[in-house]
Amino acid sequence: MLDAAVGALPADLTVTGVLRRGSAGPAIVDEATAGEHDLIVMGSRGRGELRSLLLGSVSHHVLQLSLLPVLVVHAVQ
């Protein structure tokens with residue numbers, strides 16, 4: 001899935017695909033901190049605030065802890 005997503009991007013766009021195991025939020029923040037990245041781009045399913053509070057939100061976690069800019073793209077429903 002990661003290879004397909006990276007392969008679908010324009011060839012002149014420099015992209016690094018990274019696959020890690022573990023809890024998604026901390027893994028994303030750790031990679032962003034350790035690597036030479038400029039931006040974190042994430043998808044959001046738009047569950048709503050109440051459901052995110054109960055279930056947790058990866059994008060919320062990354063937004064709160066990342067030192068890099070984060071772009072959250074909302075899914076079309």
Side-chain angles (χ1 to χ4, degrees):
M1 186 183 306
L2 176 61
D3 290 339
V6 171
L9 297 169
D12 62 340
L13 183 64
T14 303
V15 175
T16 303
V18 177
L19 181 62
R20 295 187 59 183
R21 297 194 186 279
S23 183
I28 292 168
V29 172
D30 289 348
E31 176 60 34
T33 303
E36 294 182 19
H37 306 288
D38 299 318
L39 174 68
I40 300 170
V41 179
M42 305 184 65
S44 173
R45 290 180 281 192
R47 289 183 179 162
E49 286 186 40
L50 179 59
R51 193 162 181 192
S52 290
L53 284 173
L54 296 174
L55 299 175
S57 168
V58 174
S59 57
H60 181 75
H61 180 89
V62 173
L63 282 166
Q64 295 299 314
L65 296 180
S66 175
L67 299 177
L68 292 174
V70 180
L71 173 63
V72 179
V73 181
H74 292 278
V76 177
Q77 295 182 1

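Not measured: the values here are computed from a predicted model.
Under a 4.5 Å side-chain heavy-atom criterion applied to ILVMFWY residues, the cluster that includes M1 comprises that residue alone.
For residues 59-69, the side-chain hydrogen bond (donor to acceptor under 3.5 Å, both in side chains) pairs, not counting sequence neighbours, are S57-S59. Screening residues 59-68 for salt bridge (charged side-chain N to carboxylate O under 4.0 Å, His left out), with sequence neighbours left out, gives no hits.
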For residues 30-37, run the donor-acceptor check on the side chains, cut-off 3.5 Å, and write out each pair with its distance to 0.1 Å, sequence neighbours left out.
residue : atom : partner : partner atom : Å
E31     : OE2  : H37     : NE2          : 2.9
T33     : OG1  : V29     : O            : 2.8

Quick one: side chains of residues 12-25, donor-acceptor pairs under 3.5 Å with protein atoms, not counting sequence neighbours, listed by atom name and distance.
residue : atom : partner : partner atom : Å
R20     : NH1  : A27     : O            : 3.4

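With sequence neighbours excluded, the residues satisfying side-chain contact (heavy atoms from CB on, under 4.5 Å) with L39 are V41, P69, L71.
Results of the side-chain contact (heavy atoms from CB on, under 4.5 Å) test with I28 over V62, L65, V70 single out V62 as the only residue that passes.
By the rule that hydrophobic residues join a cluster once side-chain heavy atoms approach within less than 4.5 Å of another member, L2 and L9 end up as members of one cluster.
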